[in-house]
Structures are given as C-alpha cells and as structure tokens.
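Values below: all heavy atoms of this structure, side chains included; hydrogens, waters and symmetry mates excluded. Here, residue 1 is the first one in the sequence, and each next residue gets the next number.
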Amino acid sequence: MRSLLFVPGDSQKKLEKALTSGADALLIDLEDSVDLNAKEEARRITSEFVAEHHSKSGRPRFYVRVNGLTTGMIDADLDGIMKAAPDGIVLPKTIGGADVAHLGAKLAVREAEFGLEDGGTRILAIATENASGVFALGTFGGASHRLMGLTWGGEDLSADLGAEANRDENGVYTDPYRLVRSLTLLGATAAGVDAIDTVFTNFRDMEGLATECHAARRDGFVAKMAIHPAQVPVINEAFTPSPEAIERAKAVIEAFKANPGAGVVGVNGEMLDRPHLLRAERLLRRAGRT
C-alpha cells in the first residue's frame, strides 16, 4: 500500500466517492471525524458499505479506525463492523504492543463468531498520539501476527503535549515531532512491519505534500495517509518505485545471485555490499504491492 485515505464512516456519499480516488486503502473512520451522537449510524453505514463492496475486484483495502481501547466504545465498534469482514482495523491512541495484543484478542473472538478467517484481520497502529505511546514504540515486536504497520500522529500528540503548534513558520515539523517521526520508523523496522507516514493537513498545498512524501520515502517510509482524495495521486506517484529504480534493484539482486557467497559485487562500475541487496529486495517487494 502506498496511499491510505481517511473517510468519515457516517457519510455514504464520501465513502462512494472515495472508491474512485485511486487510494490503495480506505481508512473508514468511526473515531475523530464522527460525532458522539452519530457513532451508531456510522457503524451501520460502514458495515453496509464494506459488505456491499467486499467481493468486488479492484477495490481498495478497507480498514476501519475504531475508537480507542479506553473509550468504552471499541466493543460496540467491533460488534457493528466485523460481520462485514474489513481487511483491517486502525487502532488509535495505541500504547505499545500490549494494546495491539489486546485488540488481537478481541478480533479473534469476532472472527470466530462471524465465521471469518482466523487471524485474517490486520492491525494498523497509530502509535504516537500521546507521550506514553512514544515511549512504548520499542515494544511492538512479536506483539501480534496481525500487526502490519505503525504510523504516527502529530495532531493528537500536540494536544497531549500542550503545544501551541507542531510546525514552524515554514511549515516544517518542530523538533519533538521530527523525533517522534524517526522513532516510529525505527519502531516499525524493529517490529518487522511497514512504517507509514502521517497525514499532511494542508490539503490544498500539493507542493508541500510532494516534498513531505519524497522525504518520507527517502528515509524508509513505504506509504502515507491522506485526508482528501486530491492528495492520493501525489502520494501514489511518490511511493511508486520508478521503472529505473526497479531495473537497478533487479540488477543488484542478479549480481548477488551470480556471485553466491560474495560480500561485495560490482554493478555498473559501483561496488555494492549486503545492505544494498536488502534495499533492492525491499524495493521490489514494494513494487509488487502497488
């Protein structure tokens, strides 16, 4: 997945429009974008939407962002939407691997109840929406086979910190948020899951979005979340490996295959070692998932 588009779960119109956005995944929201009095209606609309489109070919993946484990609403969320067999659940306000394991147990119960594949529902954890979550970023390894990725959030975190802003006058994240971004990347890598970059909230600034996407890809993130359909093409372009990059990766892999046991190989006049091989293999895996 390259692009993951947030869509309010209580808007049938926006859900239908999102299907044509080109996003690799829809993050159907039952949390922040849905008023407390509209939660039940959002569960119904989301469940019906996922069920209606689940078997259609070429559809995006359907992930549902539920309300957090401490809200008292997550069980009602899961009871309302799991029968539709979403591809995954987005867990907000995650505090480490223990929260992922807790959600995994809840999902196992619903999968059994609704006759779904055991372990088939994946988990994407938003892991930095409070300071406690930041300090738990090293605990995700082995927490659950369901965990497919970690992402971070700067908006809720800024509220938790009591910050006046999370970006400076040039639109660049300030030091606390750059640190959290880096720690999320490291935490995801340590856990062996995808690192997914957070949203870019100025949905009219496509140049700024593209700059942030390219920086994220450069550093090792494999995808980015979006808050508006117009952001999806920019994100997809940034996170789709170019034909030249794919050919170079193939050449690196072939060079190592032709020289089994070699620690260093030459490709187009450049000496490359094992980290270059790992990077090439990772790029081809990304290309195969777009």
| task | Flag yes if more than 12 heavy atoms outside K13 fall under 6.0 Å of its NZ atom; otherwise flag no. | result | no

| task | Look at the side chain of D35 and the backbone N and O of N37, then say whether any donor-acceptor pair between them is shorter than 3.5 Å. | result | yes

| task | Measure across W152 and D197 and return the closest heavy-atom pair with its distance rounded to 0.1 Å. | result | NE1-OD1, 2.9 Å

| query | Would R59 and D87 pass as an ion pair if we require N to O under 4.0 Å? | reply | yes

| field | Pair E111 + R146, salt bridge at N-O below 4.0 Å | value | yes

| message | Taking L91 as the starting point, is it possible to reach V109 by hopping between hydrophobic residues whose side chains are less than 4.5 Å apart? | response | no

| field | Donor-acceptor pair, side chain of S182 and main chain of R178, under 3.5 angstrom | value | yes

| said: Please check this pair: side chain of D10 against backbone of A38, looking for a donor-acceptor N/O pair closer than 3.5 Å. | reply: no

| message | Are more than 12 heavy atoms, taken from residues, nucleotides or ligands other than E237, located less than 6.0 Å from that residue's CD atom? | response | no

| Parallel under 30°, tilted from 30 to 60°, perpendicular over 60°: which one fits the rings of H53 and F62? | perpendicular

| Closest contact, heavy atoms only, N236 versus S3 | OD1-OG, 2.6 Å

| Run the side-chain contact (heavy atoms from CB on, under 4.5 Å) check on T94 and V100 step by step: do they pass? | CA-CA 7 Å; T94 307; V100 170; 4.1 Å; yes

| query | Are any side-chain N or O atoms of T46 and backbone N or O atoms of R43, one a donor and one an acceptor, separated by less than 3.5 Å? | reply | no

| remark: CD (E31) and CG (N67) are apart, to the nearest 0.5 Å, by 5.5 Å

| note | Heavy-atom closest pair (P86 atom, I89 atom, distance to 0.1 Å) is CG-CD1, 4.3 Å

| From CA spacing to verdict: side-chain contact (heavy atoms from CB on, under 4.5 Å), I74, L103 | CA-CA 9 Å; I74 189 170; L103 174 59; 4.1 Å; yes

| After noting the C-alpha distance and the side-chain angles of R181 and E212, does the key distance pass the salt bridge (charged side-chain N to carboxylate O under 4.0 Å, His left out) rule? | CA-CA 12 Å; R181 173 184 178 275; E212 200 161 281; over 6 Å; no

| Taking atom CZ of F135 as the centre, does the number of heavy atoms from other residues, nucleotides or ligands within less than 6.0 Å exceed 12? | no

| Under 6.0 Å from the CG atom of N268, do we count more than 12 heavy atoms belonging to anything else shown? | no

| request: Verify, without hydrogens or angle tests, whether N170 (side chain) and V172 (backbone) share a donor-acceptor contact under 3.5 angstrom. | output: no

| note | Taken to the nearest 0.5 Å, the spacing of M225 CE from M1 CE works out to 11.0 Å

| message | If I take atom CG from residue L277 and atom NZ from residue K257, how far apart are they, to the nearest 0.5 angstrom? | response | 10.0 Å

| query | In terms of side-chain geometry, is the basic nitrogen of R110 or D75 positioned less than 4.0 Å from the acidic oxygen of its partner? | reply | yes

| message | Can you confirm whether L69 sits close enough to K106 that some side-chain heavy atom of one is under 4.5 Å from a side-chain heavy atom of the other? | response | yes

| task | Report yes or no: do V34 and I45 belong to one cluster of Ile/Leu/Val/Met/Phe/Trp/Tyr joined by side chain heavy-atom distances under 4.5 Å? | result | no

| query | Considering only heavy atoms from C-beta outward, does the side chain of F140 approach that of L150 to under 4.5 Å? | reply | yes

| query | In the single-linkage hydrophobic clustering (I, L, V, M, F, W, Y; side-chain heavy atoms under 4.5 Å), do L183 and L161 co-cluster? | reply | yes

| What distance separates L27 CG from I227 CD1, expressed to the nearest 0.5 Å? | 12.0 Å

| request: Treating Ile, Leu, Val, Met, Phe, Trp and Tyr as nodes and any side-chain heavy-atom pair under 4.5 angstrom as an edge, say whether Y63 and M73 lie in one connected cluster. | output: no

| query | Which heavy-atom pair separates M206 from V234 by the least distance, and what is that distance? | reply | SD-CG2, 4.0 Å

| query | Taking L107 as the fixed residue, which of M82, R122, H102 is the one that meets the side chain to side chain contact (heavy atoms under 4.5 Å, CB included) rule? | reply | M82

| With distance as the sole test, does K224 use its side chain to make a donor-acceptor pair with the main-chain N or O of L4 at under 3.5 Å? | no

| Just how far is it from atom CD1 of I81 to atom OG1 of T121, taken to the nearest 0.5 Å? | 8.0 Å

| field | Closest non-hydrogen atom pair between A195 and L185, with its separation | value | CB-CD1, 3.7 Å

| task | Identify whether V66 and I95 are in the same connected component of the hydrophobic contact network (ILVMFWY, side-chain heavy atoms under 4.5 Å). | result | no

| query | Does the side chain of L30 come within less than 4.5 Å of V64's, by heavy atoms? | reply | yes

| message | Between T198 and Y177, is the side-chain contact (heavy atoms from CB on, under 4.5 Å) condition met? List the steps. | response | CA-CA 11 Å; T198 193; Y177 307 94; over 6 Å; no

| In Å and rounded to the nearest 0.5 Å, what is the CD1 to OG1 distance from I126 to T184? | 11.0 Å

| request: Let me see the working for D175 and L179 under side-chain contact (heavy atoms from CB on, under 4.5 Å), right down to the final yes or no. | output: CA-CA 6 Å; D175 285 348; L179 172 64; over 6 Å; no

| Should we count CD of E207 as having more than 12 external heavy atoms under 6.0 Å? | no

| task | Please determine if E48 and R44 form a salt bridge, counting it only when a charged side-chain N lies under 4.0 Å from a carboxylate O. | result | yes

| request: Return yes if some donor-acceptor pair links the side-chain N/O of R61 with the main-chain N/O of G88 below 3.5 Å, else return no. | output: no

| Residue pair F200 / D205: nearest heavy atoms and the distance that separates them | CE2-O, 3.4 Å

| Do D160 side-chain atoms and A131 backbone N/O form a donor-acceptor pair below 3.5 Å? | yes

| Any donor-acceptor N/O pair, T174 side chain to R167 backbone, under 3.5 Å | no

